[in-house]
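Positions are given from 1 along the sequence.
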Amino acid sequence: MSNNNNISTIKFNVGGRHFEVSRALVDQHPDAMLGKLVSDAWQEDPEETVFIDRNGDTFAYVLDYLRYGSIDLPGKVPKSMFDRELDFYGINSVEGTVNQESLIQVIDSFHHAKTKHDMFFLAFEAHYQHGQKKESTSKYVRVDIGKDHKLYNNKCLSADEQKLFKRYLGTYFGLQVARQGHGYHAGGLTSYAKSPSAQGGFIVYREE
């Protein structure tokens, strides 16, 4: 009979999903079901895959909980379901270590991702127009965002949007926004004036 203690990983088949887990992680929880499954008394062949008839997707979160001692569950995994799985595996959770991602967090995450997307494409548009319009007589190029442009939205960028836009503009395209007397109005998701029919726009340049 092979000695279980000589192997460094354990293979699990949980509801059709396959996992390979370090023996050290399992050994940290000898009283839990997983620890008993891979003990010498339960596992005659250390190379054999241990089958568990449970939800494999949820098992991945169970492993993360064992690894880190806490977890923030995505909205698609109900906390009640996760608690049920912990109970099945004989794992005691500490209060406050299992948290559920809220709808507000999901919305905030989506909004942040959309903002990053919009600001990058606004910077790319500035880069594109700079390349199309640049003349040797001046280093300044006006980027026009008309109301028929897909990035036009007739509002000024927030301070966070301006910061992100300028970072993308400088980091990826080597451009800067010129500050004029009218103040900083980066177009794309802004309007250059208050009127809904006005052209959005801003001036960019590259230091030679």
Side-chain angles (χ1 to χ4, degrees), residues 1-125 150-151 153 158 160-161 163-165 167-168 171-172 188-189:
M1 179 181 68
S2 300
N3 188 343
N4 251 358
N5 294 322
N6 292 331
I7 62 174
S8 59
T9 61
I10 308 295
K11 295 177 182 178
F12 293 99
N13 176 355
V14 184
R17 280 195 61 179
H18 293 265
F19 300 86
E20 189 165 354
V21 183
S22 70
R23 177 64 188 264
L25 178 64
V26 175
D27 286 346
Q28 291 175 19
H29 307 275
D31 296 329
M33 176 191 174
L34 295 181
K36 294 176 181 178
L37 279 175
V38 300
S39 67
D40 288 335
W42 285 63
Q43 185 69 13
E44 294 293 330
D45 182 2
E47 300 299 326
E48 183 179 342
T49 298
V50 179
F51 176 74
I52 305 175
D53 190 14
R54 302 295 287 188
N55 187 307
D57 294 337
T58 309
F59 184 69
Y61 296 107
V62 171
L63 290 178
D64 280 344
Y65 183 74
L66 293 180
R67 291 184 182 107
Y68 309 119
S70 64
I71 194 167
D72 292 319
L73 295 172
K76 65 180 181 180
V77 181
K79 186 175 181 298
S80 59
M81 175 188 293
F82 185 75
D83 289 339
R84 184 172 66 239
E85 294 302 292
L86 289 184
D87 184 63
F88 173 80
Y89 291 111
I91 300 169
N92 296 320
S93 63
V94 178
E95 184 176 356
T97 58
V98 179
N99 301 301
Q100 181 77 55
E101 185 180 44
S102 68
L103 179 60
I104 293 177
Q105 288 174 313
V106 172
I107 294 174
D108 285 345
S109 177
F110 173 80
H111 177 73
H112 183 64
K114 184 178 185 304
T115 298
K116 292 174 68 175
H117 171 276
D118 291 343
M119 293 306 100
F120 175 81
F121 277 98
L122 181 58
F124 181 83
E125 177 68 16
K150 61 183 178 181
L151 290 176
N153 197 27
S158 68
D160 288 340
E161 287 172 332
K163 183 178 179 180
L164 191 59
F165 166 67
R167 177 158 66 87
Y168 288 156
T171 300
Y172 297 109
L189 299 180

Query - Closest heavy-atom pair and its distance - Gly35, Val26 - result: CA-CG1, 3.7 Å

Query raised in the report: Closest approach of Tyr168 and Met119, non-hydrogen atoms and distance?
Result: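 Minimum heavy-atom separation between Tyr168 and Met119: CD1-C, 3.7 Å.
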
Interatomic distance, [X] atom [atom1] to [Y] atom [atom2] [nearest 0.5 angstrom]:
| X | Y | atom1 | atom2 | value |
| --- | --- | --- | --- | --- |
| Glu48 | Ile10 | CD | CD1 | 11.5 Å |
| Asp160 | Thr115 | CG | OG1 | 8.5 Å |
| Ser22 | Asp27 | OG | CG | 8.5 Å |
| Ser109 | Lys114 | OG | NZ | 14.0 Å |
| Leu34 | Leu25 | CG | CG | 8.5 Å |
| Asn99 | Leu73 | CG | CG | 8.0 Å |

Query raised in the report: If we only count heavy atoms from C-beta on, is the His29 to Leu66 side-chain gap below 4.5 Å?
Result: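 Touching, per the 4.5 Å side-chain cut-off.
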
Results of side chain to side chain donor-acceptor pair (under 3.5 Å) for [X] - residues two or more places apart only:
| X | result |
| --- | --- |
| Tyr89 | none |
| Thr97 | Tyr65 |
| Thr58 | Asn55 |

Query raised in the report: Would Phe82 and Val62 count as a side chain to side chain contact (heavy atoms under 4.5 Å, CB included) if you check the C-alpha gap in whole Å, the side-chain angles of each, and the deciding distance to 0.1 Å?
Result: CA-CA 8 Å; Phe82 185 75; Val62 171; 4.0 Å; yes

**Report entry** side chain to side chain contact (heavy atoms under 4.5 Å, CB included) between Phe12 and Leu63, worked out
**Finding:** CA-CA 11 Å; Phe12 293 99; Leu63 290 178; 5.7 Å; no

Query raised in the report: Would you say the ring centroid of Phe19 lies under 6.0 angstrom from that of Phe59?
Result: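 Close enough - the centres of the two rings lie under 6.0 Å apart.
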
**Report entry** Residue Tyr172 excluded, over 12 heavy atoms near OH under 6.0 Å
**Finding:**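 No - once you tally the heavy atoms of other residues, nucleotides and ligands closer than 6.0 Å, there are 12 at most.
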
**Report entry** Pairs flagged by salt bridge (charged side-chain N to carboxylate O under 4.0 Å, His left out) wherever residues 58-82 is involved - sequence neighbours left out
**Finding:**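 Qualifying pairs: Asp64-Arg67, Lys79-Asp83.
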
Query raised in the report: Can you list every pair that meets salt bridge (charged side-chain N to carboxylate O under 4.0 Å, His left out) and has a residue in residues 10-22, with sequence neighbours left out?
Result: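 Matches after skipping sequence neighbours: Arg17-Asp57.
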
Query raised in the report: Who are the salt bridge (charged side-chain N to carboxylate O under 4.0 Å, His left out) partners of Arg167, not counting sequence neighbours?
Result: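 Counting only residues at least two positions away or on another chain, Arg167 forms no salt bridge (charged side-chain N to carboxylate O under 4.0 Å, His left out).
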
